[in-house]
Amino acid sequence: MLRPESGGQYRLTFLLLPGYSMAALQAAIDPLRLANRVLGRECYQWRLLGASAAPVLASNGLTLPSQDYQYEVPANLFVCAGQQLWQENYPVLAWWLQTLYRQQTVFAGIGGGSHLLAQARLLNRGVVSMQGPAAQQFQQLYPQIEVSDKPYVLADQGNDCVSSASGIAPGQLMLSFIDRHFNSMVAGAVAEAMMLPGKWELNSAKTLQSVADLRLHRAVNLMQKNLEKPLVSSEIADQVHVSVRHLERLFKQHCEMTPSAYYMKLRLQAARRLLYQSGGDVAVIASRCGFKSSAHFSRTYSRHYGIGPSRDRQQK
């Protein structure tokens, strides 16, 4: 996940290196711009950095103005580079990245940007998203890191950094973030505004309906039937006849989140539907969705959607 600002906004910083794909950069920024429009407020901000104060030349021969990176401390840094980055050496830049690591910056590589993260020893294990001839060269240089042909890979306990292929893949990555920060309705509206054909899917992953493991379906059904009085993970695991650890692995594999996070997302989505579709009191809706107090519900709702429940209903 990205690191939010104190006001709940997300500031994304894109470090542009010579030969980066301008199409990939646009694919990353457009969903953020559209999400702000759909939500009616500025939830996402972005800025561009370069290896110097001079404009950075993209692979298409065009340039964009950018700020010098050296004095910046971004919360979320996306390194954008072309496919031939391994021919270059950036020792000062690598030192700056290592300094940011100690500041708990969230790192992501777009295209060849993952190579620079590996060169700076920030990407030492797990899986990285990379396609084409670049994937083979990366695998030869860093055999301890698995290369995936998925459009993007999120950071978790097994992966050091977020990574994305080039092309339209950064757009899919941003849709995934929007879905996690808000909900699938917002992400779907953004995808529709981008005129993506058919039903958009995150990371080309299986939808929950296509997952064959019945234990996961039973677990989700239990959650949906117990929104008002939420079950703890151990109770769900007992009823679907798996251990808590295995239940966590199932949700991590197919939903890319913990069972408790998925459960909370279901409860908040149910609360939002009730807010939008009924005139019920907020306190009653909070209780129906398993929150013990209106204050707890409002805090959790605001963190998830970036707006309080009463104000969200008014704007809708």
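No side-chain heavy atom of Pro151 sits less than 4.5 Å from a side-chain heavy atom of Leu173. Under the 4.5 Å side-chain criterion, counting only non-hydrogen atoms from C-beta, Arg267 is in contact with Pro230. The shortest distance between side-chain heavy atoms of Phe291 and Arg299 does not fall below 4.5 Å. Looking at heavy atoms from C-beta onward, Val147 lies out of side-chain contact with Val127 at the 4.5 angstrom threshold. A 4.5 Å side-chain heavy-atom check between Leu154 and Phe177 finds at least one atom pair inside the cut-off. Leu117 is listed as a side-chain neighbour of Val79, based on a closest heavy-atom distance under 4.5 Å. No side-chain heavy atom of Val128 sits less than 4.5 Å from a side-chain heavy atom of Glu146. Annotation: side chain of Leu17 is in contact with side chain of Leu93 (closest heavy-atom distance under 4.5 Å).
Relative orientation of the Tyr44 and Phe182 rings is perpendicular, given thresholds of 30° and 60° on the angle between their planes.
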Check against side-chain contact (heavy atoms from CB on, under 4.5 Å), Glu248 and Thr258: CA-CA 6 Å; Glu248 291 172 347; Thr258 64; 5.7 Å; no
Residues Leu15, Cys80; criterion side-chain contact (heavy atoms from CB on, under 4.5 Å); working and verdict: CA-CA 6 Å; Leu15 175 65; Cys80 306; over 6 Å; no
Worked check of side-chain contact (heavy atoms from CB on, under 4.5 Å) between Asp160 and Leu122: CA-CA 7 Å; Asp160 291 325; Leu122 301 177; over 6 Å; no
Stepwise salt bridge (charged side-chain N to carboxylate O under 4.0 Å, His left out) test for Lys265 and Asp179: CA-CA 10 Å; Lys265 186 174 180 179; Asp179 181 59; 3.1 Å; yes
Audit row: Phe251, Leu216, side-chain contact (heavy atoms from CB on, under 4.5 Å) steps and yes/no: CA-CA 7 Å; Phe251 274 87; Leu216 182 64; 3.6 Å; yes
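Other residues, nucleotides and ligands place more than 12 heavy atoms under 6.0 Å from the CD atom of Gln70. Open room surrounds CZ on Arg288; 12 or fewer heavy atoms of other groups in view lie less than 6.0 Å from it. Counting non-hydrogen atoms of other residues, nucleotides and ligands closer than 6.0 Å to CZ of Arg41 gives a total above 12. For Arg249, the CZ atom counts as densely surrounded, since its 6.0 Å shell holds more than 12 non-hydrogen atoms of other residues, nucleotides or ligands. Residue Gln104 qualifies as open at atom CD: its count of foreign heavy atoms under 6.0 Å is 12 or below.
Grouping the Ile, Leu, Val, Met, Phe, Trp and Tyr side chains by contacts below 4.5 angstrom, directly or via other members, places Val232 apart from Leu222. In the hydrophobic clustering of ILVMFWY residues, with side-chain heavy atoms under 4.5 Å counting as a link, Leu250 and Val244 come out apart. Taken together through direct or relayed side-chain contacts under 4.5 Å among Ile, Leu, Val, Met, Phe, Trp and Tyr, Tyr101 and Leu123 form part of one hydrophobic cluster. Linking Ile, Leu, Val, Met, Phe, Trp and Tyr residues whenever their side-chain heavy atoms come within less than 4.5 Å places Ile29 and Leu62 in a single cluster. No continuous path of ILVMFWY side-chain contacts below 4.5 Å connects Val284 to Leu275, so the two sit in separate hydrophobic clusters.
Of the possible polar contacts, one joining the Ser129 side chain to the Lys150 backbone as a donor-acceptor pair under 3.5 Å is found. When atom types are taken as modelled, the side chain of Arg3 and the backbone of Asn76 share no donor-acceptor pair closer than 3.5 angstrom. Asn36 contributes no side-chain N or O that, together with a main-chain N or O of Arg33, makes up a donor-acceptor pair within less than 3.5 Å. Judged purely by atom type and a 3.5 angstrom limit, Ser66 has no side-chain atom pairing as donor or acceptor with the backbone of Leu48.
Within the 6.0 Å centre-distance limit, the rings of Tyr69 and Trp96 are counted as a close aromatic pair.
Contact detail for Leu32 and Met174: the closest heavy-atom pair is CD2-SD, 4.0 Å. Residue Val56 comes nearest to Gly50 through the heavy atom pair CG2-CA, 3.9 Å, listed as atom of the first residue, atom of the second, then distance. Closest non-hydrogen pair, Thr105 versus Pro74, comes out as OG1-O, 2.7 Å. Here the closest non-hydrogen pair linking Met22 and Thr63 is CE-N, 4.3 Å. Heavy atoms only, all atoms of each residue included: Gly113 and Ala81 are closest at N-CB, 3.6 Å. Scanning both residues, Ile236 and Leu231, for their nearest heavy atoms gives CG1-CB, 3.9 Å.
Taking OH from Tyr152 and OG from Ser176, the interatomic distance works out to 3.5 Å, rounded to the nearest 0.5 Å. The CD1 atom of Ile145 sits 8.5 Å away from the SG atom of Cys161 when rounded to the nearest 0.5 Å. Between the CD atom in Gln45 and the OG1 atom in Thr13 there is a gap of 10.0 Å [rounded to 0.5 Å]. Of the inter-residue distances, the one linking Met223 atom CE with Tyr263 atom OH reads 7.0 Å to the nearest 0.5 angstrom. Taken from CD in Gln9 to CG in Leu2, the straight-line distance is 13.5 Å, to the nearest 0.5 Å. Remark: Leu141 CG to Gln119 CD distance equals 9.5 Å, nearest 0.5 Å.
Between the side chains of Tyr276 and Asp312, at least one donor N or O lies within less than 3.5 Å of an accepting N or O. With no hydrogens or angles considered, a side-chain donor-acceptor pair links Arg272 and Tyr301 at under 3.5 Å.
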